[in-house]
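A quick write-up on the structure given underneath.
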Amino acid sequence: MIERVSEIEKQAAAEISAASSSSELEALRVQYLGRKAELPQLLRDVSQLPPEQRGEAGKAANQARQGLEALLEARAALFEVEEMTASLAEDSVDVTLPGSPAESRGHHHLLSATRREIEDVFCGLGYSVVEGPEVESVHYNFDALNHDPAHPARGRSDTFYVEGGGEGADQILLRTHTSPMQVRIMEQTPPPIALIVPGRVFRRDSDATHTPQFHQIEGLLVDEGVTLADLKGTLLAFARAIFGEERELRLRPHFFPFTEPSVEVDVSCFMCSGGALPGGDRCSLCKGTGWLEVLGSGMVDPNVFAAVSEHGYDPDTHQGFAFGLGIERIAMLKHGVPDLRFFYENDLRFLRQFG
Ligand code: DAH
């Protein structure tokens, strides 16, 4: 019996060593160690041997079985690695190849594209981009921005107040402009600062030129020795980058609670010259005026600095300018979009024109 065991062991070991795949190994395992195989059968037969032979025979058969099991396991581990590597190589997909057929990659919505275009201009001038909360308090949206207690924008007909959302200065509302971030930023960052704040704002308004939600970009620069000339130069660079190098600016006196003096800023019309088209017809974009109103602006009111004086802003030392523009308005002017609602209807025939 011991001889037979060693014959089987030799033969099995040779075949296992020669196997070339894990499926061949599995077949050999069944053949030599399976329930009906000879070696396990011999092991079972040990008990039938005369007692003096049992010990040696049992030991030999057991060792043979353990040896073959170990060999099978070692070979199997080797094949597992090899086969996994081969299958990975075979199944590999080059994700950088174009699809077949090539899939359209889509493009930004006109409002996102316009926002990014404006951000690029100001980043180029050294400004940072920050965002702020859309849900604000009366304090940041109105009070700290020097709004008179009777300012009409505070009215429930103009502003979305959150029901049960606090009282007085703590009353919660949906911000009506991005200007509250002027105060939040100054509370957190000492001068000098130069930032823009893009974001969503909300007003109770709805027609062809007003939607309850729209987008603004706020700008704020504070330093020492800042003048209205700096404001005009900055906005001229912006206007030329967005509307063309030939543009000029016009500042008209206006009122905003948080700037003094305040101005409304017009850009010379890029469709016509002085309001008249080349054939002499009246330009419809600027309505014959030669100017397009693009944003509100002004020098930061000392009262706003006073509200953040404990954060390093001193109305006697610091000056700054601020501006606020509507992203929808810039996009409408630049691309001749006639109705604000097109931006939100998600009609692909409209959106794809700006891909
Ligand atoms: N917050 C104003 C609005 O929503 C726009 C504006 C005007 C912002 C003048 C400014 C500014 O920063 O200086 O109508």
Side-chain angles (χ1 to χ4, degrees), residues 115 118 122 125 127-134 136-148 151-155 158-160 173-186 193-205 209-223 226-236 238-239 249-267 292-305 307-308 313 315 318-330 332 340:
R115 166 183 161 162
I118 298 169
F122 284 101
L125 293 173
Y127 284 63
S128 310
V129 182
V130 294
E131 290 186 33
E134 292 167 3
E136 262 299 2
S137 66
V138 161
H139 171 75
Y140 285 108
N141 199 84
F142 295 125
D143 296 349
L145 288 168
N146 199 35
H147 281 67
D148 188 90
H151 193 284
R154 292 178 183 258
D158 285 29
T159 296
F160 292 106
L173 46 71
L174 300 188
R175 69 178 175 188
T176 61
H177 50 179
T178 42
S179 306
M181 274 304 282
Q182 291 189 22
V183 182
R184 287 187 179 274
I185 289 161
M186 288 193 280
I193 52 168
L195 323 110
I196 56 167
V197 186
R200 236 176 244 129
V201 301
F202 307 87
R203 291 185 196 174
R204 297 189 72 159
D205 243 344
T209 50
H210 299 90
T211 44
Q213 176 216 276
F214 60 104
H215 300 82
Q216 288 188 331
I217 294 183
E218 191 79 13
L220 177 67
L221 178 142
V222 182
D223 203 344
V226 179
T227 71
L228 198 68
D230 297 312
L231 167 61
K232 189 168 181 186
T234 301
L235 294 181
L236 184 61
F238 155 74
L249 279 195
R250 179 173 83 171
L251 308 189
R252 282 179 291 107
H254 198 76
F255 173 79
F256 295 105
F258 40 91
T259 42
E260 182 61 36
S262 302
V263 290
E264 277 198 322
V265 179
D266 300 339
V267 175
L292 303 166
E293 184 192 322
V294 289
L295 53 85
S297 181
M299 302 303 289
V300 178
D301 193 296
N303 287 343
V304 176
F305 284 142
V308 288
Y313 289 82
H318 295 110
Q319 300 81 38
F321 60 74
F323 54 88
L325 56 84
I327 300 180
E328 281 82 351
R329 176 157 180 79
I330 302 290
M332 286 172 89
L340 186 61

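Read the numbers this way: they start at 1 and go in the same order the structure lists the ligands and their atoms. Computed from a predicted model, the values in this text were never measured in an experiment.
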Got a sec, which residues hit side chain to side chain contact (heavy atoms under 4.5 Å, CB included) with P133, two or more places apart in sequence or on another chain? E136, M181, R184

Could you tell me which residues satisfy ring-ring contact (aromatic ring centres under 6.0 Å, His included) with F142, sequence neighbours excluded, listed by chain and number? H147

Give the residues near ligand 1 by chain and number, with the criterion being a heavy-atom distance under 4.0 Å. H177, S179, Q182, R203, Q216, E218, F256, F258, T259, G296, S297, G298, A322, F323, G324

If you define the side chain from C-beta out and look only at heavy atoms, does anything of V294 sit under 4.5 Å from R329? no

Just to verify, what does L174 make a side chain to side chain contact (heavy atoms under 4.5 Å, CB included) with, not counting sequence neighbours? V135, F160, F202

Less than 6.0 angstrom separating the ring centers of F238 and Y127, yes or no? no

Specify the closest pair of heavy atoms between G199 and R175, including all atoms of both residues, with the distance to one decimal. CA-NH2, 3.4 Å

